Number of protein chains: 2
Amino acid sequence: MGQQITQTPAAPPVGRCRITAACEPVAGLRQRKKKRTRDDLVRAAHELFLLQGFGPTTVDEIAAAVDVSQRTFFRYFANKEEVALAVMGDAEDHFIQCLRDRPAEENPLQAMRAAIRETWQSLDIAGGNSVTAALEIIRLIESTPTLLAAHLRRLAEQERLVTGILAEREGVDPTTDLRPRVLAAVFGAVMHAAHEAWGSTGHPDLGKGPAGMLTVIDRHLEQLGPALAGDWHRRA
Amino acid sequence: MGQQITQTPAAPPVGRCRITAACEPVAGLRQRKKKRTRDDLVRAAHELFLLQGFGPTTVDEIAAAVDVSQRTFFRYFANKEEVALAVMGDAEDHFIQCLRDRPAEENPLQAMRAAIRETWQSLDIAGGNSVTAALEIIRLIESTPTLLAAHLRRLAEQERLVTGILAEREGVDPTTDLRPRVLAAVFGAVMHAAHEAWGSTGHPDLGKGPAGMLTVIDRHLEQLGPALAGDWHRRA
DNA sequence: GCAGATTATGTCAGCCAATGACATTTGACA
DNA sequence: TGTCAAATGTCATTGGCTGACATAATCTGC
């Protein structure tokens, strides 16, 4: 969901997620400053949320921590939830990009599974503490009703994108053929179940990379077939 | 999610959804009055939302329409979203109840499919305009971001219940066996996809009962297998 | 029916998220 | 350097939501 930072109606450089966009070094003082305050806001919010929780943290606090006015905060983020979910935005953009780039030979489910894996791994490589941050945010989301609601809505939004990509990949018409939409929905649901499962297990090994989360996701994806199977008790 | 109207910590009659609870005639003046103002609030809100949209409608308006204070409104509903989703609460409670009552011979997916069908049909029989109201609300939800977010959160909440019921039905441990959770998630996702599809088709025949929605739901459920199939182009 | 305990409601004050309007500063560019 | 556009700040306001306390309604046992 590549959020446009630009406040002007001018044409922004579309289709580049912030992770890969890190390659382009300079882009005018104005743009750099904006990116900086945006990043600062996200980081400050992140810290405050983890420290005192989402609800108790006020927008004024976040803004004050970065030394901008409250009004400016709302020029960068439509609401308080958005700044919390911004961290995931990177990963989501990246996932979409990966999915687009998957080879056509793979079947839809394979492609999505590969894209997820690729996303987490590149997030790991990207350095910084992207992975750690993402994992922390996921846990925060799952334990904060307001955030969970906003997150699920974004997920639904993303499923529209995925539906379109799948339809195009396979060359089917998404208005006639329900399979792209259904698969996108199912995949999203399983992803969320995995996040939830990962979040609720008292996982202390947050920092050791995306391996843990990938394992949980894989385990859930593997249960897709069995769960839909007629009889649960005729198990291999 | 049987909302307790009771504001006292006293033990309320649990496990009875409002639909079936219509059998119990009198229950003290106090209880009846409360049920009445609650119903009034829901109905007034419903009308106002459909008339002028969710966002533009203020809580004060709703409260004024029923002639209670704004404070009283918030004693019945935690937030503005809840009063909009309250209509669906009946159906959701009923679905849970139906699922619990499905015969053990059915496999999980069959049971859920049957429970949905049963729910919509009994909603139809229940008289009044329950079905019409539900369908109107679904459309409102799908077209209102804020409501959609709240709705998805509730759906996620309900999936927890469903997970538990499925696990018990099949006699498996939901902390070890991921199938109940995965199936609940998948089913919820498909339901939402169906709602979305139903809502976005300019369906003018709202009042003709649950048949249309059931058809859409069935069509989506039928695509579950095909969507997960490896190759989408080796189609029967 | 009545007195006293419960419980629902109203009133009021206040916090915080969010938005529009307008002034001011600051980077962009000729 | 001066002009234009864009980013920010300030101010005022609305609306969702909550706590505290007073009032009015119902319930309970007698």
Side-chain angles (χ1 to χ4, degrees), chain A residues 3-13 26-41 44-45 48-49 52-85 144-147 149-150, chain B residues 3-12 26-41 45 48-49 52-85 144-147 149-150:
Chain A
Q3 308 93 322
Q4 251 53 279
I5 310 182
T6 345
Q7 297 160 356
T8 73
V26 286
L29 177 52
R30 213 168 226 169
Q31 299 298 323
R32 270 181 291 144
K33 257 194 167 180
K34 273 200 306 191
K35 173 169 167 47
R36 189 163 185 281
T37 55
R38 204 198 117 99
D39 290 350
D40 286 353
L41 283 171
L48 286 169
F49 290 158
Q52 34 180 317
F54 178 78
T57 304
T58 75
V59 172
D60 292 275
E61 278 181 285
I62 303 171
V66 188
D67 211 65
V68 295
S69 71
Q70 191 220 40
R71 193 66 181 86
T72 294
F73 174 93
F74 282 113
R75 287 201 180 94
Y76 281 89
F77 304 97
N79 45 52
K80 207 172 82 168
E81 285 81 34
E82 204 173 285
V83 70
L85 301 180
T144 310
T146 313
L147 273 182
Chain B
Q3 310 91 323
Q4 251 56 281
I5 311 180
T6 347
Q7 297 164 353
T8 72
V26 286
L29 176 55
R30 212 168 230 168
Q31 298 298 322
R32 269 182 293 144
K33 258 194 167 177
K34 274 201 304 190
K35 173 169 169 45
R36 190 166 184 281
T37 54
R38 203 198 119 98
D39 291 348
D40 286 353
L41 283 171
L48 287 169
F49 289 158
Q52 34 180 312
F54 178 78
T57 304
T58 75
V59 172
D60 291 275
E61 278 180 286
I62 304 171
V66 188
D67 211 66
V68 295
S69 70
Q70 190 218 44
R71 194 65 181 86
T72 294
F73 174 93
F74 283 113
R75 287 200 180 94
Y76 281 89
F77 305 97
N79 47 50
K80 205 171 86 168
E81 285 80 33
E82 204 173 288
V83 70
L85 302 179
T144 311
T146 314
L147 273 182

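No hydrogens, no waters, no symmetry mates; every other heavy atom, side chains included, goes into these values. Within every chain, numbering begins at 1; the chains are lettered A, B, ... in the order of the sequence lines, protein sequences first and strands thereafter. Remember, it's a predicted structure, so these values are computed and weren't measured experimentally.
- Between the CZ atom of A/Arg36 and the P atom of D/dA7 there is a distance of 17 Å, rounded to whole Å.
- In this structure, the CG atom of B/Asp67 is 12 Å from the C1' atom of C/dT9, given to the nearest Å.
- Between A/Tyr76 and D/dA7 there is no side-chain polar atom (N or O) within less than 4.0 angstrom of OP1 or OP2.
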I need a per-nucleotide contact map over nucleotides 19-29 of chain C, read 5' to 3'. Cutoff is protein heavy atoms under 4.0 Å; write B for the base, S for backbone only, - otherwise.
BBB----BBS-

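- Distance alone, capped at 3.5 Å, places no donor-acceptor pair between the A/Lys34 side chain and the A/Tyr76 backbone.
- Protein atom CZ of A/Phe54 is 9 Å distant from nucleotide atom P of C/dA17, rounded to whole Å.
- Per the geometry, CG belonging to A/Asp60 stands 14 Å off P belonging to D/dC11, to the nearest Å.
- Following rounding to the nearest Å, B/Glu82 (CD) and D/dT18 (P) show an atom-to-atom distance of 10 Å.
- Taking side-chain N and O atoms only, A/Ser69 has a distance below 4.0 Å to OP1 or OP2 of D/dG9.
- The residue from A/Val59, A/Leu41, A/Ile62 that alone fulfils the side-chain contact (heavy atoms from CB on, under 4.5 Å) condition with A/Phe77 is A/Leu41.
- Look at A/Lys34 and you'll find a side-chain N or O under 4.0 angstrom from OP1 or OP2 of D/dA7.
- Between the C1' atom of D/dT18 and the CZ atom of B/Phe73 lies a distance of 14 Å, rounded to the nearest Å.
- Between A/Ala78 and A/Glu82, the closest heavy-atom pair is CB-OE1, 3.4 Å.
- Nucleic acid contact class of B/Thr57 (heavy atoms, under 4.0 Å, all strands): sugar-phosphate only.
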Nucleotide-level pairing of DNA chain C, given in dot-bracket where Watson-Crick and G-U pairs need both distances under 3.5 Å and | marks other strands
||||||||||||||||||||||||||||||

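- Remark: the backbone N or O of B/Thr58 is paired with a side-chain donor or acceptor of B/Glu61 at under 3.5 angstrom.
- In this structure, the CD atom of B/Glu61 is 13 Å from the C1' atom of D/dT14, given to the nearest Å.
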Go through the steps for A/Thr37 and A/Lys33 under the test side-chain contact (heavy atoms from CB on, under 4.5 Å), then give the verdict.
CA-CA 6 Å; A/Thr37 55; A/Lys33 257 194 167 180; 5.8 Å; no

Apply side-chain contact (heavy atoms from CB on, under 4.5 Å) to B/Phe49 and B/Val83, showing your working.
CA-CA 10 Å; B/Phe49 289 158; B/Val83 70; 3.9 Å; yes

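- Rounded to whole Å, atom C1' of D/dC17 lies 14 Å from atom CD1 of B/Ile62.
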